[in-house]
Amino acid sequence: MPRDPARIAAALPFWLSLVFVPLIAAGAAWGGWWLALPPLYGIGMITLLDYITGLNVENPDTETPVTELFWYRLITLIWLPVQLALIFGTLWWVSASGHLAVHELIILFYGIGVASGAVGIVYAHELLHQKNRAERWLGDLLLASVLYSHFRSEHLQVHHRYVGTPRDPVSARYNEGFWRFFLRVLTSSPGSAWRAEGVMLKRRGRGIWHLSNPFWLYAVLQAGFLALAFWIGGWAGLALFVWQAFIAILHLEVTNYIEHYGLTRRYLGEGRYEHVLPRHSWNAAHRASNWLLINLQRHSDHHYKPDRRFPLLQTYSDEEAPQLPFGYPALVALAVVPPLWRRVMNPRVRAWRRQFYPDIRDWSAYKAGTTPMPRGAS
């Protein structure tokens, strides 16, 4: 275990997620206005820190060995027990004490959902991209704790392969409001992930119901967490668990909405699309929100090099990738009000088109998501 103080100091800002723990504990203990602290921290305080700390346009050495990334990776490795304690420890406490009113419980578990979504799913995303089996297991457990296990199949087998094409449910279309996008993703992504797994199984000569289909694992893990919530808090506990899961999913999908809004890959004909480039994801170099979200906002590089660990992700200039005006926390608040979102982002999408695809005159099929399906897509 490397103990270089300089490396520990450099990694420490990425542990901002732990601030959620005392804030949620305060809300669970005292209720009232204390309950506002987790969401205010996740959106308001991080946005203020973005303003104070500015942009980070420095790029780390991509050849840095994984052994030098221990203190960065550690926060993602310890988060599962932290998240389970936040969810089920809080559920046990409020069920046993009975000191919070119904509306306080709803707000409290909304705050837990902010943490399990804005942090837990982001960490799961990082872990599931790794080849290490233990890390992938941690990612699966984190996703199961918010009832969104199929995200693993959808993200790895569909989103990264087909981003910016009609086959990808989570590539937000130009002028598509978030709430319409959210409903479309909730209804289409599970089936999309199921079909993708079916294709993988067929290639191995197996049927869709074969036990190697990860949907069996997804079902068992999610059922286990639902049973645990019911055992701790009865029907009320089960409802609060599902509520925090819904809020976590909401935060994931609004993030997905932001990451690729209005961006498409050029159709080359005969079912072929251009390769994924940094220009096909929105980039954000805002320092504090990248600390909280472990560099997720360096999304252009994540799609360009999906196997690159988060401390090594690169940022890009506006000549290489489109730039977001704010970090994700501020844009989450903007995205849930579609008229405001369009006012801020639609001109940027049109500028992106002029910059990277000046020869394309008719964008109607791209905007409607009606360009042909990619070759070989299920």
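Computed from a predicted structure; not experimentally measured.
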Counting only heavy atoms not in [X] (residues, nucleotides, ligands), do more than 12 fall under 6.0 Å from its [atom1]?
X      : atom1 : value
Arg350 : CZ    : yes
Trp341 : CH2   : yes
Phe326 : CZ    : no
Tyr304 : OH    : no
Arg206 : CZ    : yes
Trp15  : CH2   : yes

How long is the straight-line distance from [atom2] of [Y] back to [atom1] of [X], given to the nearest 0.5 Å?
X      : Y      : atom1 : atom2 : answer
Leu12  : Trp71  : CG    : CH2   : 10.0 Å
Gln323 : Ser317 : CD    : OG    : 7.0 Å
Arg375 : Glu270 : CZ    : CD    : 7.0 Å
Leu35  : Leu40  : CG    : CG    : 11.0 Å
Asn56  : Asp50  : CG    : CG    : 11.0 Å
Leu138 : Thr76  : CG    : OG1   : 8.0 Å

Using a 4.5 Å cut-off on heavy atoms from C-beta on, say whether the side chain of [Y] contacts that of [X].
X      : Y      : answer
Thr90  : Leu108 : yes
Leu217 : Ser149 : no
Arg173 : Lys367 : no
Gln244 : Leu240 : no
His129 : Leu156 : yes
Leu74  : Phe14  : no
Ser189 : His150 : yes
Glu320 : Gln314 : no

Side chains of [X] and [Y]: donor-acceptor distance under 3.5 Å anywhere?
X      : Y      : result
Glu197 : Ser153 : yes
His280 : Glu274 : yes
Tyr148 : Glu253 : yes
Tyr72  : Arg7   : no

Using atom types as modelled and distance alone, determine if a side-chain donor or acceptor of [X] lies under 3.5 Å from a backbone N or O of [Y].
X      : Y      : result
His251 : Ile247 : yes
Glu68  : Pro65  : no
Asn295 : Phe310 : yes
Glu126 : Val122 : no
Trp243 : Ile106 : yes
Trp216 : His210 : yes
Ser281 : Pro278 : no
Asn290 : Ala284 : yes
Glu104 : Gly32  : yes
Ser116 : Ile112 : yes

For the residue pair [X] and [Y], is the inter-centroid distance of their aromatic rings smaller than 6.0 Å?
X      : Y      : answer
Trp194 : Phe215 : yes
His125 : His155 : yes
Trp79  : Tyr123 : yes
Phe230 : Phe241 : no

With Asp61, which residues qualify under salt bridge (Lys or Arg N to Asp or Glu O under 4.0 Å), at least two apart?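 Checked Asp61 against salt bridge (Lys or Arg N to Asp or Glu O under 4.0 Å); zero matches.
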
I need the minimum non-hydrogen distance between [X] and [Y], along with the two atoms involved.
X      : Y      : result
Ala144 : Leu221 : CB-CB, 3.6 Å
Gly120 : Gln83  : CA-OE1, 3.2 Å
Leu263 : Pro322 : CD1-CG, 3.9 Å
Phe20  : Gly42  : CZ-CA, 3.9 Å
Asn213 : Ile208 : ND2-O, 2.8 Å
Val57  : Ala285 : CG1-CB, 4.3 Å

Parallel, tilted or perpendicular: ring planes of Trp352 versus Phe356, cut at 30 and 60 degrees: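 Rings of Trp352 and Phe356: tilted, as their planes differ by 30° to 60°.
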
Parallel, tilted or perpendicular: ring planes of Phe182 versus Phe178, cut at 30 and 60 degrees: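 Because their plane-to-plane angle is under 30°, the rings of Phe182 and Phe178 count as parallel.
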
What about [X] and [Y], same hydrophobic cluster or not, with Ile/Leu/Val/Met/Phe/Trp/Tyr joined at side-chain heavy-atom distances under 4.5 Å?
X      : Y      : result
Trp33  : Met45  : no
Tyr41  : Leu48  : yes
Tyr328 : Leu55  : no
Leu80  : Ile75  : yes
Leu128 : Val158 : no

Within 45° cone of Tyr357 ring axis and under 6.0 Å: Arg279 NZ or CZ: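 Satisfied, under 6.0 Å and within 45°.
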
Is the terminal nitrogen or CZ of Arg167 (NZ for Lys, CZ for Arg) located under 6.0 angstrom from the six-membered ring centre of Tyr273 and within 45° of that ring's axis?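 No, a cation-pi geometry is absent between Arg167 and Tyr273.
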
For side chain to side chain contact (heavy atoms under 4.5 Å, CB included), just list the numbers for Val349 and Asn175, CA-CA rounded to whole Å, side-chain angles, deciding distance to a tenth of an Å, and then say yes or no. CA-CA 10 Å; Val349 175; Asn175 224 37; over 6 Å; no

Name all residues meeting the side chain to side chain donor-acceptor pair (under 3.5 Å) criterion together with Arg287; count only those two or more places apart in sequence or in a different chain, and write none if there are none.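 Scan of Arg287 (side chain to side chain donor-acceptor pair (under 3.5 Å), adjacent residues dropped) gives none.
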
Closer than 4.0 angstrom, basic N to acidic O: yes or no for Asp359 and Arg266?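 Salt bridge: yes.
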
Residues Ile294, Leu313; criterion side chain to side chain contact (heavy atoms under 4.5 Å, CB included); working and verdict: CA-CA 10 Å; Ile294 58 171; Leu313 288 172; over 6 Å; no

Worked check of ring-ring contact (aromatic ring centres under 6.0 Å, His included) between Phe181 and Tyr261: CA-CA 10 Å; Phe181 166 86; Tyr261 175 76; 9.1 Å; no

